[in-house]
Asks: 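Dumping the structure here so I can ask a few things about it.
Here is how names work: the chains are called A, B, and so on, in the same order as the sequence lines, proteins then strands, and each is numbered from 1.
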There are 2 protein chains.
Amino acid sequence: MGISRDKGRTTTSGRIYDTLRQDLVNGRFVAGEKVAISALKEYYGVGLSPLREALNRLAAYGLLEQESQRGFRVPRLDRRELDDIAEMRRELEGMALERAIRFGDAEWESELLAAAHRLKRADMVPEAVDEWERLHTRFHRTLVAPCGSVWLLRFIEQLHDQFDRYRRMAPEAPEVRRVLDAQHGELVTLALERDIKGARELMDDHVRRSYEVALKGAMSGAD
Amino acid sequence: MGISRDKGRTTTSGRIYDTLRQDLVNGRFVAGEKVAISALKEYYGVGLSPLREALNRLAAYGLLEQESQRGFRVPRLDRRELDDIAEMRRELEGMALERAIRFGDAEWESELLAAAHRLKRADMVPEAVDEWERLHTRFHRTLVAPCGSVWLLRFIEQLHDQFDRYRRMAPEAPEVRRVLDAQHGELVTLALERDIKGARELMDDHVRRSYEVALKGAMSGAD
DNA sequence: TAGCGTTATAAAATCGATTATTTATCCAGG
DNA sequence: CCTGGATAAATAATCGATTTTATAACGCTA
């Protein structure tokens, strides 16, 4: 292997897409605001065409809204939308986790342990938030990876991005954070024990608690 | 109301997006083939920029594949992918139907009856396939509309488009078609009776039979 | 003649400028 | 004053041309 670590990072359009996606999920844009295209153009130092192509993709993905002759807009944070996203996460990740536990092999077990360990290590370094986020995303992805459905995984990833928009807006909540972090380990334990029912219940609780945290991120926006 | 029947149809980019989406779902492109951008440009009589923006959106939506420096490609028809799509349809539409039956009000009942009636009428006119397809899509959309989750509806729509790519490739199957058409009416009956279990079972069977038909569309492509 | 580098061709991606549309500004009439 | 309509400024959308990258064609060497 080697070369094909692409995914769009070769082209300007692809690079700016990745960057913007990150920045949108991390709440670096004001929710509800219009996207000033020429400002972005300056800020990221890219041309108009690749930028617009990226914006179009992001709109189709759901991280931007597109209005006919008036450009793009960062979706506003809305409590009911967060409810929707969280509930869908419970449904779909529960489903995916059950299947992953059914189908996951020994290799999966190893990767899962590794991902959980990396995440736990990152828990202790509060300054490297971005790295923690990366590992957190990766852990959850690993957890459901062998569910056998690319569409299910796709939907879950999309919901994660949406959910994280809210969570990353929310203020720190160290006590809940500790519980959530502990649950990652417990999820691994239950997965390795192939305890479907237990794992689903815990995942349900995990999302529910995360929702409580994220909810405080929706408060800043309109309601 | 009146003016805002937009959705993108005002702009060239939006129009070509709608057109291409239709044409992709209806199998007017050879699965697995590369998209000849300049050919499309000629054929639809549009400029390069709006066309590329539309292609980018379609790729994000899943009706096209995008490879880094080599443009766009129509996804090939693959049996396992169809399996995935069909199974997801069963899961998600079952879920949505259950909620729709819970939350749907009297207005929904009326619209559902109307949609089913329109579809039944269209059954009898075999020449107007496109109109039938439109009404069929609309019927299924109406059925699950009041489920209360915009994300669930969004995923279902996406899966429908994917599924229809296969189904529209498949040869006619009049005997199965009759059963499927009858099931639309039965679904309405069960929905009005608020028979959640019965409706879900029937929906499951409906998708399963449609899958059997669509499967013959996947045969033409590679496997 | 089977590889392998080189050049020619085709296609994708991007740029810079133009056109169309919306939004803001200003002024006249009620 | 407030409202509505015309004009000006700003922004979105599109075009035509250029640059970059991939693919095909070719000829050379072993």
Asks: Could you state the atom-to-atom distance from CD of Gln69(A) to C1' of dA10(D) in whole Å?
Replies: 15 Å

Asks: Can a side chain N or O of Thr10(B) be found less than 4.0 Å away from OP1 or OP2 on dT21(C)?
Replies: no

Asks: List the atom pairs, donor and acceptor, that lie under 3.5 Å between side-chain atoms in residues 29-36 of chain B and the rest of the protein, sequence neighbours left out.
Replies:
none

Asks: Kindly state each residue pair satisfying side chain to side chain donor-acceptor pair (under 3.5 Å) with at least one member in residues 96-108 of chain B, sequence neighbours excluded.
Replies: Glu87(A)-Arg99(B), Glu91(A)-Arg99(B), Glu98(B)-Arg102(B), Glu98(B)-Arg200(B)

Asks: Return the 5'-most residue of the pair Arg70(A), Phe72(B) with respect to DNA chain C, ranking by each residue's nearest nucleotide.
Replies: Phe72(B)

Asks: Tell me the interatomic distance from Arg15(A), atom CZ, to dT14(C), atom P, rounded to whole angstroms.
Replies: 8 Å

Asks: Please work out which residues in residues 35-53 of chain B have a non-hydrogen atom less than 4.0 Å from an atom of DNA chain D and list them by number.
Replies: Gly47(B), Ser49(B), Pro50(B)

Asks: Not counting sequence neighbours, which residues clear side chain to side chain donor-acceptor pair (under 3.5 Å) with Gln66(B)? List them please.
Replies: Asn56(B)

Asks: Do any side-chain atoms of residues 146-154 of chain A form donor-acceptor pairs under 3.5 angstrom with protein atoms, and if so which ones, sequence neighbours left out?
Replies:
from      : atom 1 : to        : atom 2 : distance (Å)
Ser149(A) : OG     : Trp151(A) : N      : 3.4
Ser149(A) : OG     : Leu152(A) : N      : 2.9
Ser149(A) : OG     : Asp84(B)  : OD1    : 2.5
Ser149(A) : OG     : Asp84(B)  : OD2    : 3.3
Trp151(A) : NE1    : Glu81(B)  : OE2    : 3.1
Arg154(A) : NH2    : Ala60(B)  : O      : 3.0

Asks: Who pairs with Gln22(B) by side chain to side chain donor-acceptor pair (under 3.5 Å), at least two apart in sequence or on another chain?
Replies: none

Asks: For a quick test of reading the model: is some side-chain N or O of Lys34(B) closer than 4.0 Å to OP1 or OP2 of dA12(C)?
Replies: yes

Asks: Is the ring centre of His117(A) less than 6.0 Å from the ring centre of His184(A)?
Replies: no

Asks: Any side-chain N or O of Thr12(B) under 4.0 Å from OP1/OP2 of dT14(D)?
Replies: yes

